[in-house]
Amino acid sequence: EEEQEEEQEQEQEQEEQQEQQQQDKEEKEEPIPCNLSKFQITILDAKGIKGDILSKPDVFVTLKYNKKTLKSTTKHDHAPEWNETFCIDVLENESTLVMKVMEDDMFRDDTLASYNLNLHDIQEIVACDSYQPQEKTFPLTNKGSIRVRYGFEKLQKE
């Protein structure tokens with residue numbers, strides 16, 4: 001009887017170790033992203049940007065989505081115009097696109113203003129049958145606004 005109990009305990013320990021190893025393995029593996037569509041955004045311009053008091057700010061826009069950051073060119077103006085287009089694969093498990101207006105400084109870039117755009121919310125509003133751009137001005141944190149043109153393009157299922 002004691003031998004049977006020992007064997008059962010050993011088997012149970014082995015099962016627990018295997019389960020723990022499986023859990024560790026699953027935690028290390030990142031989930032495979034599921035693309036819903038492509039999101040195309042054109043950063044048109046910004047207004048009311050506050051930067052250096054003594055001079056015009058050197059500003060650029062960053063778009064951060066799914067651990068990737070895209071960056072516009074730098075403009076030297078309080079009301080910069082970019083007209084730069086970026087394309088992003090929209091994922092089912094990631095909804096927030098963070099738009100930041102940044103000031104290009106010698107030592108460290110400063111965030112002047114930002115806006116968090118929920119792609120899943122606007123995807124429901126925009127018709128997804130084809131790319132139909134919409135233009136909208138978003139209020140920025142701190143002060144100012146950013147004007148963008150955006151739309152979705154459904155990916156073809158293979």
Side-chain angles (χ1 to χ4, degrees), residues 19-158:
E19 284 177 21
Q20 184 63 43
Q21 287 173 347
Q22 182 66 27
Q23 277 182 337
D24 290 346
K25 185 178 178 184
E26 287 172 3
E27 287 173 7
K28 288 179 185 173
E29 292 176 2
E30 289 190 23
I32 297 169
C34 174
N35 288 336
L36 292 177
S37 61
K38 285 207 177 284
F39 178 69
Q40 186 170 322
I41 183 167
T42 301
I43 307 298
L44 298 171
D45 55 37
K47 299 214 179 333
I49 302 301
K50 295 284 185 190
D52 291 333
I53 296 169
L54 302 174
S55 66
K56 290 182 181 179
D58 293 320
V59 292
F60 61 92
V61 175
T62 61
L63 302 174
K64 186 171 186 178
Y65 182 78
N66 191 34
K67 301 176 188 167
K68 292 181 184 169
T69 302
L70 304 169
K71 180 181 171 183
S72 73
T73 57
T74 301
K75 302 291 182 176
H76 183 69
D77 203 340
H78 287 286
E81 293 182 16
W82 289 280
N83 202 25
E84 293 181 36
T85 301
F86 302 91
C87 199
I88 297 165
D89 289 331
V90 179
L91 305 176
E92 193 173 336
N93 60 348
E94 180 68 38
S95 62
T96 305
L97 171 69
V98 180
M99 296 187 288
K100 287 185 179 181
V101 178
M102 307 286 291
E103 182 167 26
D104 189 4
D105 281 337
M106 189 181 307
F107 299 108
R108 190 176 133 243
D109 297 336
D110 296 323
T111 301
L112 299 178
S114 65
Y115 185 84
N116 292 346
L117 181 61
N118 187 322
L119 299 183
H120 292 176
D121 285 351
I122 64 171
Q123 190 170 25
E124 293 172 10
I125 297 167
V126 177
C128 292
D129 296 334
S130 63
Y131 177 73
Q132 297 179 348
Q134 297 199 0
E135 200 170 291
K136 187 163 182 177
T137 300
F138 294 102
L140 295 168
T141 57
N142 297 337
K143 192 169 182 178
S145 61
I146 189 165
R147 189 169 61 104
V148 300
R149 185 179 309 117
Y150 60 84
F152 289 91
E153 186 177 349
K154 245 187 182 165
L155 296 178
Q156 300 299 320
K157 301 235 176 189
E158 295 175 14

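Residues take their numbers from the sequence shown, with the count starting at 1. Excluded from the calculations below are hydrogen atoms, water molecules and symmetry mates; all remaining heavy atoms, backbone and side chain alike, are included.
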* To do: Test side chain to side chain contact (heavy atoms under 4.5 Å, CB included) on Trp82 and Val148 and set out the steps.
  => CA-CA 10 Å; Trp82 289 280; Val148 300; over 6 Å; no
* To do: I would like to know whether Thr137 and Ser145 meet side chain to side chain contact (heavy atoms under 4.5 Å, CB included); could you show each step before the answer?
  => CA-CA 6 Å; Thr137 300; Ser145 61; 3.6 Å; yes
* Output yes when a side-chain donor or acceptor of Tyr65 lies under 3.5 Å from a complementary backbone atom of Glu94, and no otherwise. =>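 Yes; at least one donor-acceptor contact below 3.5 Å.
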* Asked: So how far is it from Glu135 CD to Tyr150 OH, rounded to the nearest 0.5 Å?
  ->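 Spacing of CD (Glu135) from OH (Tyr150) equals 10.0 Å.
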* Between Lys75 and Glu81, does at least one N-O distance fall below 4.0 Å, as a salt bridge requires? ->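 No, this pair does not count.
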* To do: Starting from the C-alpha separation in whole Å, work towards a yes-or-no answer on side chain to side chain contact (heavy atoms under 4.5 Å, CB included) for Asp77 and Val59.
  => CA-CA 7 Å; Asp77 203 340; Val59 292; 5.8 Å; no
* Could you state the interatomic distance from CZ (Arg147) to CG (Leu44), rounded to the nearest 0.5 Å? ->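 Arg147 atom CZ to Leu44 atom CG measures 4.5 Å (nearest 0.5 Å).
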* Do you know which two heavy atoms are closest between His78 and Ile49, and how far apart they sit? ->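 So the two residues come closest at ND1-O, 3.0 Å.
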* **Option from Arg108, Met102, Glu103 for which side chain to side chain contact (heavy atoms under 4.5 Å, CB included) with Asp105 holds** =>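 Result for side chain to side chain contact (heavy atoms under 4.5 Å, CB included) with Asp105: Glu103.
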* With a cut-off of under 6.0 Å to the ring centre and 45° to the axis, is Lys71 in cation-pi contact with Phe60? ->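 Geometry flag: set, cation within 6.0 Å and 45°.
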* To do: Please report the shortest heavy-atom distance between Cys87 and Lys38, naming the atom on each side.
  =>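 So the minimum-distance heavy-atom pair works out to SG-CD, 3.7 Å.
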* To do: Could you tell me which non-hydrogen atom of Pro57 sits nearest to which non-hydrogen atom of Leu112, and how far apart they are?
  =>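 So the minimum-distance heavy-atom pair works out to CB-CD1, 4.5 Å.
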* Once you round to the nearest 0.5 Å, how far does NZ of Lys100 lie from OG1 of Thr141? ->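 Nearest 0.5 Å value for the NZ-OG1 distance: 9.0 Å.
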* Asked: Distance-only, no hydrogens or angles: does the Thr62 side chain make a donor-acceptor pair with backbone N or O of Thr69 under 3.5 Å?
  ->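 Answer holds: no.
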* Among Leu70, Leu63, Thr85, which residue meets the side chain to side chain contact (heavy atoms under 4.5 Å, CB included) test with Ile41? ->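 Per the side chain to side chain contact (heavy atoms under 4.5 Å, CB included) rule, the option paired with Ile41 is Leu63, out of Leu70, Leu63, Thr85.
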* Test log, rule side chain to side chain contact (heavy atoms under 4.5 Å, CB included), inputs Phe86 and Leu97 -> CA-CA 12 Å; Phe86 302 91; Leu97 171 69; over 6 Å; no
* Quick one: CD1 on Ile146 to OG on Ser114, what's the gap to the nearest 0.5 Å? ->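 Interatomic distance, Ile146 CD1 to Ser114 OG, rounded to 0.5 Å: 10.0 Å.
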